[in-house]
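Everything below concerns the one structure shown next.
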Amino acid sequence: MVCSCTANLTDPLFLSITELTNQFRQRTLSPVELFQGVLARSELVQSRLNAFRLIDGAKTLEAARESESRWARGEPLSAIDGVAIAIKDNQAVAGQKRTAGSLALQDLPPAVDDAPHVARLREAGAILYARTNMPDLAWKAVTDSPLSGLTRNPWNPQLTPGGSSGGAAVAVATGCVPLATGSDGGGSIRIPAAFTGTYGIKPTTGRIPGINESPDITAIGPLTRSVRDAALGLAIMCRADRYDPMSAALTVPDFVAATAAGVKGLRVAVSATLGYLTIDTKTLALLDEAARMLAGAGAVVERADPPIWNIRRAYVTVCEVAFAAAAAAMKPEQMALLDPGLIETCRRGMMTSAAIERQAQLERIKLMQAFARFFGDYDLLLTPCVPIAPFAAAMNLNTPDEHLYPEWYDWTPYTWVFNAAKLPAASCPWGLDENGLPRAVQLAAAHFPGRSHFAGQRSVGGREAVSPKLALKENCSCLAASAAERWP
């Protein structure tokens with residue numbers, strides 16, 4: 001069974017941010033008209049796929065009217081003024097509860113202030129109308145919430161969209177928004193992007209301000225239908241915040257210009273295994289196709305594994321301690337409301353000594369140093385993204401095979417390694433598999449990269465990667481199929 005939505009590439013809901021704001025400027029579309037369509041689409045998608053925890057149309061309609069007036073005067077606040085954006089439920093929005101998908105947090109008072117990146121989006125005139133669904137405290141790589149239920153994949157509602165930013169990916173893939181915010185502590189942006197045919201980037205940890213927003217393995221980032229839209233969003237979300245001294249020292253590159261720079265001359269390493277993993281032939285063929293495209297576009301491509309090792313044990317230790325710290329502030333009756341798997345994760349974290357956690361952090365530092373040496377020779381690293389296809393969606397089903405993949409960490413080995421090292425990485429769509437489901441590859445780069453990172457993403461995520469014939473196959477007639485074709 002697949003989603004019965006109809007695909008229409010001319011629908012304003014599937015235009016890029018630039019195309020939308022060009023229509024605002026030309027008075028052929030108004031922010032209010034667009035927002036009314038966004039609300040109708042969001043309610044439809046919610047009824048079928050459960051992408052949202054909250055849709056707040058009544059309160060945000062006034063923001064759309066204010067944007068309409070600014071465009072009529074020729075005084076937009078930014079290149080995203082009037083564009084609807086959905087915010088992940090673990091990110092603070094003033095006046096709304098920040099429940100993070102958790103029954104344990106449902107009674108907290110509304111947030112007083114926006115998170116830094118949310119404040120920047122609001123200042124730019126974005127219409128922040130909805131909160132996207134996520135698993136309890138973002139603890140796993142699928143999206144089912146004790147608070148808000150199960151989110152489904154628009155390519156096939158019987159399957160998971162991945163997580164933890166699953167609701168955000170579904171909102172983008174189905175035309176509700178051109179951009180949704182996510183957070184990524186182990187692949188939580190890149191996994192759902194790969195499973196839904198969208199584009200998702202985890203910037204360098206700390207690139208987007210938010211020193212108190214999440215543990216240091218986690219980075220905030222956008223999910224979009226085009227690389228240029230991600231660049232537009234990042235250019236705003238990365239602006240410094242006075243309460244985050246780490247970001248104050250960073251300049252914000254011209255991300256949008258970087259998307260047009262191309263890849264000619266860039267040094268690209270291709271690693272199918274990262275030096276220690278196994279890979280099947282289908283995934284290897286996918287990687288070879290992407291490598292050939294990069295070489296054809298002028299990049300210098302060669303096989304090379306980074307000098308790293310399997311850091312799973314240290315990474316899991318850091319994660320478990322971080323979740324334990326979050327739970328430690330809860331009352332016993334709150335902790336009892338957590339996802340059962342998260343309760344067990346917190347229990348293990350609470351039993352971990354400070355010395356063991358410190359050893360894990362030191363191993364992360366060694367990993368970062370090993371990658372730093374590697375990226376002295378290369379601009380980009382091309383790897384698989386998620387080595388499996390989307391699997392069944394069900395409450396508390398966190399892995400497709402408990403024997404092959406005992407925990408979610410085991411079917412996501414290509415994503416969380418870059419969280420452990422705080423490196424930027426992006427999931428880039430690469431057509432459909434034999435079952436009509438999205439495929440993706442991944443690009444990573446050195447900390448705080450410039451031109452090379454976005455240029456590489458543009459090439460691999462280009463129109464050549466997802467052909468209309470593949471994207472509009474009869475068994476993929478939902479709106480996510482339309483999204484999959486719209487690459488610059």
Side-chain angles (χ1 to χ4, degrees), residues 11-17 20-21 23-24 29-71 76-101 110-111 113-115 117-134 145 147-148 151 154 165-183 198 220 222-225 229 232-233 236-237 479 483:
D11 191 322
L13 296 175
F14 278 93
L15 297 179
S16 70
I17 291 175
L20 287 172
T21 53
Q23 290 203 21
F24 294 166
L29 178 70
S30 80
V32 171
E33 292 170 340
L34 175 66
F35 187 56
Q36 290 170 339
V38 165
L39 288 178
R41 172 67 67 199
S42 299
E43 295 289 355
L44 173 64
V45 169
Q46 180 66 3
S47 69
R48 298 181 180 181
L49 303 174
N50 194 34
F52 302 99
R53 198 272 294 173
L54 171 72
I55 299 173
D56 190 8
K59 291 184 179 179
T60 47
L61 180 59
E62 182 57 33
R65 293 192 181 106
E66 292 171 359
S67 175
E68 184 176 66
S69 296
R70 290 192 293 271
W71 281 104
L77 296 175
S78 76
I80 67 167
D81 196 341
V83 175
I85 290 176
I87 306 297
K88 190 174 178 179
D89 199 30
N90 61 348
Q91 298 164 11
V93 177
Q96 296 178 356
K97 292 184 178 181
R98 180 186 181 183
T99 62
D113 298 310
D114 290 328
H117 68 288
V118 174
R120 303 295 87 77
L121 291 168
R122 192 189 298 276
E123 291 163 1
I127 311 301
L128 310 178
Y129 81 105
R131 309 300 299 272
T132 56
N133 199 19
M134 58 178 287
S145 162
L147 176 67
S148 304
T151 299
S165 305
V170 173
V172 170
T174 54
C176 297
V177 288
L179 186 152
T181 68
S183 61
T198 54
I220 296 163
L223 293 99
T224 62
R225 294 188 297 270
D229 280 356
L232 282 167
I236 292 169
M237 294 162 70
L479 287 172

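We use all heavy atoms of the structure for the numbers below, so side chains are in, but hydrogens, waters and symmetry mates are not.
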Task: Shortest non-hydrogen contact from A92 toward D113 - done: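 That would be CB-O, 3.6 Å.
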
Task: Those residues that, when tested against E66, pass side chain to side chain contact (heavy atoms under 4.5 Å, CB included) (two or more places apart) - done: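 For E66 the side chain to side chain contact (heavy atoms under 4.5 Å, CB included) partners, ignoring immediate neighbours, are E62, R70.
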
Distance check, rounded to the nearest 0.5 Å: [X] atom [atom1] versus [Y] atom [atom2]?
{"X": "Q96", "Y": "I87", "atom1": "CD", "atom2": "CD1", "answer": "9.0 Å"}
{"X": "L39", "Y": "C176", "atom1": "CG", "atom2": "SG", "answer": "10.0 Å"}
{"X": "E68", "Y": "L61", "atom1": "CD", "atom2": "CG", "answer": "9.5 Å"}
{"X": "R122", "Y": "I127", "atom1": "CZ", "atom2": "CD1", "answer": "9.5 Å"}
{"X": "L29", "Y": "L15", "atom1": "CG", "atom2": "CG", "answer": "8.0 Å"}
{"X": "T198", "Y": "D229", "atom1": "OG1", "atom2": "CG", "answer": "12.0 Å"}

TODO: Can you sort out the partners of D89 under salt bridge (charged side-chain N to carboxylate O under 4.0 Å, His left out), two or more places apart, ordered by chain and number?
DONE: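 With sequence neighbours excluded, D89 shows a salt bridge (charged side-chain N to carboxylate O under 4.0 Å, His left out) to R53, R131, given in chain and number order.
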
- [ ] Apply salt bridge (charged side-chain N to carboxylate O under 4.0 Å, His left out) to R120 and list each qualifying residue two or more places apart in sequence or on a separate chain.
- [x]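 Listed in chain order: E123, D241.
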
Non-neighbouring partners of [X] that pass side-chain hydrogen bond (donor to acceptor under 3.5 Å, both in side chains), sequence neighbours left out:
{"X": "T132", "answer": "none"}
{"X": "T21", "answer": "none"}
{"X": "S145", "answer": "none"}
{"X": "S148", "answer": "none"}

Task: Residue pairs, two or more places apart or on separate chains, that pass ring-ring contact (aromatic ring centres under 6.0 Å, His included) and touch residues 31-54 - done: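 Passing the test, one end in residues 31-54: F35-Y129.
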
Task: Full working for side chain to side chain contact (heavy atoms under 4.5 Å, CB included) between N50 and V45 - done: CA-CA 7 Å; N50 194 34; V45 169; over 6 Å; no

Task: Test log, rule side chain to side chain contact (heavy atoms under 4.5 Å, CB included), inputs L54 and T99 - done: CA-CA 11 Å; L54 171 72; T99 62; over 6 Å; no

